[in-house]
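Heads up, the thing below is written out as structure tokens.
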Amino acid sequence: ASGATTTAAATTTAAATTTAAAEGDDTNAGTPCDDAKGKGYYAIKDGRLVVDFGGNPEGKGVPTTGCKGTVRGGLRVGFDPDGVFDDVSGDFDMGDVTGFTGSVTVQNLQGNSTAGFERLEHVGLHLTFEDSPEHADLRGFDAVTFVGGNVVISDNAKLESIGLGKLEHFRPNTVGYKVGGDVTISRNPSLATLGAASFASLTEAGYIYVAENDKLETMDAFKALVSVMNVNINHNAALVRVDGFDELKVVDGEAVYGEGQGHLRLDYNDALEHIGGFGKLETIMDFLGVVCNDAMKTITGFGSLHSIFDELDVFVCAPTNQWEDVSGLSRLAHVTNGCEADQIVLDAAPGCGGDGGSGAADGPTPTWYEGAQGEDCTTVCASKDEVCLESSFANVANIDDYTALFKTEKAWCTGLANDPHRTAPSVFSNGRPTRSDCKYVHERPTEERCGQKDHLFARFCPCGAERASESGA
């Protein structure tokens with residue numbers, strides 16, 4: 001009990017700290033960083049952080065003496081519409097300031113150091129680093145834990161690696177977004193790898209866009225990411241392997257962008273041979289596209305993927321190709337709008353009409369049992385000396401699926417309704433044979449369903465022999 005209390009207290013404290021940082025506080029009242037005069041921005045002049053509220057007439061800037069913590073406003077480094085604070089080197093002093101409630105925009109930073117950002121922890125809006133010609137890495141940003149908007153890293157001629165390994169949070173849920181901001185990594189011609197340290201702590205993101213990085217060869221990033229709205233990895237000419245995304249479970253952009261969002265695309269990467277990673281990904285709410293990667297040989301990632309709620313497009317555009325193994329798609333059981341794919345993929349993916357071949361073990365085939373009123377499927381299957389097959393709920397994703405599986409055998413089920421909970425498929429069980437209300441899986445199954453129950457409904461349960469991937473062993 002004491003452990004739970006401590007955790008709750010820590011969570012509350014962390015949330016309060018993030019809110020305070022995002023809004024600013026009164027610790028800078030009376031200092032040059034007090035924005036009572038109006039909205040302002042910060043810049044670097046003569047190696048020190050200065051503040052300018054709406055434009056200092058002489059461009060001298062006001063020293064930030066006495067300022068500390070997160071200050072109200074944004075920071076512009078090397079980018080000044082008035083041309084006053086241009087030609088800035090990355091070796092500068094921010095004093096005791098550790099964050100900004102606005103954006104941090106870095107453009108055309110001179111030299112090859114980012115040491116001036118080493119104390120930066122909090123960025124209230126967007127973090128942008130672009131058009132800086134000499135920087136090989138972004139080590140100065142290793143302390144950043146929160147970005148309230150998007151991260152843009154683009155057009156940096158000599159950038160070879162990206163860290164941001166402590167970045168945990170994007171925009172908080174309290175402003176109406178299901179998950180966080182976007183990550184854009186584009187047109188960095190010397191970037192060779194996005195390694196395991198890149199975005200290693202980030203758990204939620206909006207749109208991840210990795211494109212036109214001509215020397216990028218390997219990806220093993222975003223190791224802790226659990227949910228994302230969309231992913232695009234395309235036109236990286238030297239990219240050979242895509243791994244990482246180890247904890248990702250769902251690609252879903254519908255809550256923010258609307259219906260038909262939630263796609264994963266890896267397209268037009270000419271040298272791409274192998275897609276691993278994505279080992280826990282179960283559901284893609286829109287489509288999966290792996291298109292015109294003409295060196296592609298193996299897809300062994302996606303080992304848990306069972307549902308795509310639009311279409312699957314996996315094919316090469318070259319006249320010849322040496323596919324070797326697509327066993328990563330062998331558990332894909334449900335594709336709502338069909339498959340456009342090379343034959344080896346069609347043969348491997350059950351959701352495309354295949355049998356799960358290409359070297360992968362066959363997926364479990366469930367036997368559906370009707371439970372008693374108020375009984376969960378874990379209990380129903382245990383009574384049959386079997387286990388509940390969680391992945392099989394994806395096969396009942398709409399009215400047509402429900403009708404095909406149950407209605408012809410259960411003539412008393414004359415009405416169908418969307419499931420507002422996690423207990424579908426099921427039937428209202430208050431007085432057979434007059435009962436008529438049945439539920440199908442309107443909420444596409446991205447969460448655990450086996451253990452759920454409804455005291456008024458009898459559930460239909462997919463049961464089968466125990467497998468490590470189903471039992472959690």
Side-chain angles (χ1 to χ4, degrees), residues 74-79 88 90 99-100 102-118 120-171 180-202 204-225 228-239 242 244-245 269:
L75 172 64
R76 298 173 180 172
V77 179
F79 166 65
V88 175
F100 301 87
S103 296
V104 172
T105 303
V106 184
Q107 293 181 334
N108 195 31
L109 188 66
Q110 300 301 298
N112 57 15
S113 173
T114 54
F117 299 98
E118 288 179 351
L120 182 65
E121 299 176 0
H122 182 97
V123 180
L125 292 176
H126 308 304
L127 173 60
T128 301
F129 191 94
E130 59 187 6
D131 295 309
S132 296
E134 299 295 329
H135 289 78
D137 60 64
L138 301 180
R139 282 180 290 182
F141 294 90
D142 283 350
V144 175
T145 59
F146 179 90
V147 175
N150 304 324
V151 173
V152 178
I153 303 170
S154 64
D155 299 288
N156 302 289
K158 295 185 179 181
L159 187 65
E160 297 178 358
S161 63
I162 298 171
L164 287 168
K166 292 184 179 180
L167 178 60
E168 298 177 356
H169 302 291
F170 276 121
R171 183 185 294 115
D182 302 339
V183 178
T184 297
I185 302 170
S186 64
R187 300 184 302 277
N188 300 288
S190 299
L191 183 65
T193 183
L194 283 173
S198 298
F199 302 95
S201 302
L202 188 63
E204 296 181 332
Y207 203 127
I208 293 179
Y209 181 73
V210 182
E212 299 180 79
N213 302 286
D214 291 342
K215 292 185 179 180
L216 181 63
E217 294 184 0
T218 60
M219 283 187 63
D220 193 22
F222 302 101
K223 305 284 278 188
L225 193 70
V228 68
M229 297 182 195
N230 294 297
V231 179
N232 263 27
I233 302 171
N234 61 65
H235 292 95
N236 302 284
L239 185 62
V242 175
F245 298 91
N269 302 287

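In this view, Ser154 and Glu130 satisfy the side-chain hydrogen bond (donor to acceptor under 3.5 Å, both in side chains) rule, not counting sequence neighbours. Remark: Phe199 pairs with Phe222 by the ring pair (Phe, Tyr, Trp, His ring centres under 6.0 Å) rule, at least two apart or across chains. Checked against salt bridge (charged side-chain N to carboxylate O under 4.0 Å, His left out), Asp214 has no partners two or more places apart in sequence or in another chain. With sequence neighbours left out, the side-chain contact (heavy atoms from CB on, under 4.5 Å) criterion links Thr193 to Thr218. Residues meeting the side-chain contact (heavy atoms from CB on, under 4.5 Å) test with Ala157, sequence neighbours left out: none.
In this structure the side chain of Phe100 never reaches within 4.5 angstrom of the side chain of Leu125, judged on heavy atoms.
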* **Evaluation steps, side-chain contact (heavy atoms from CB on, under 4.5 Å), between Asn234 and Tyr209** => CA-CA 8 Å; Asn234 61 65; Tyr209 181 73; 4.1 Å; yes
* Report the C-alpha separation of Ile153 and Leu164 in whole Å, then their side-chain angles, then the decisive distance to 0.1 Å, and conclude whether the side-chain contact (heavy atoms from CB on, under 4.5 Å) test is met. => CA-CA 11 Å; Ile153 303 170; Leu164 287 168; 4.1 Å; yes
* Starting from the C-alpha separation in whole Å, work towards a yes-or-no answer on side-chain contact (heavy atoms from CB on, under 4.5 Å) for Asn156 and His135. => CA-CA 7 Å; Asn156 302 289; His135 289 78; over 6 Å; no
* Taking it one step at a time, do Phe117 and Val77 satisfy side-chain contact (heavy atoms from CB on, under 4.5 Å)? -> CA-CA 11 Å; Phe117 299 98; Val77 179; 4.1 Å; yes
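Once rounded to the nearest 0.5 Å, the distance linking CG of Asn188 with CD of Glu212 reads 10.5 Å. To the nearest 0.5 Å, atom CG of residue Asn236 and atom CG of residue Leu194 are 8.5 Å apart. Note that CG of Leu191 and CD of Glu217 are 10.5 Å apart. Values are rounded to the nearest 0.5 Å. Interatomic distance, CD1 of Ile185 versus CE of Met219, reported as 7.0 Å (0.5 Å rounding). Once rounded to the nearest 0.5 Å, the distance linking CG of Leu159 with CG of Leu138 reads 5.0 Å.
Between Leu225 and Ile208, the shortest heavy-atom contact is CD2-CD1, 3.6 Å. Scanning all heavy atoms of the two residues, the minimum distance from Asp182 to Tyr207 falls at OD1-N, 2.8 Å. For the residue pair Ile233 and Leu239, the shortest heavy atom distance occurs at CG2-CD2, 3.8 Å. Between Leu109 and Ser132 the shortest heavy-atom distance is N-OG, 3.0 Å. The minimum heavy-atom distance linking Pro133 with Lys158 is given by the pair O-CG, 3.4 Å. The minimum heavy-atom distance between Gly244 and Lys223, with the atom names listed, is CA-CD, 4.2 Å.
Classified by interplanar angle (parallel below 30°, tilted 30° to 60°, perpendicular above 60°), the ring pair His122/Phe146 is parallel.
Side-chain polar atoms of Asn108 and Asp131 form no donor-acceptor pair below 3.5 angstrom.
For the side-chain contact (heavy atoms from CB on, under 4.5 Å) test with Leu167, the passing option among Val183, Val147, Thr145 is Val147; the others fail.
In this structure a side-chain-to-backbone donor-acceptor pair under 3.5 Å is present from Asn269 to His235. With hydrogens and angles ignored, the 3.5 Å screen pairs a side-chain donor or acceptor of Ser103 with a backbone N or O of His126.
Here salt bridge (charged side-chain N to carboxylate O under 4.0 Å, His left out) pairs that include residues 138-156, with residues two or more places apart or in two chains, are Asp137-Arg139, Asp155-Arg187.
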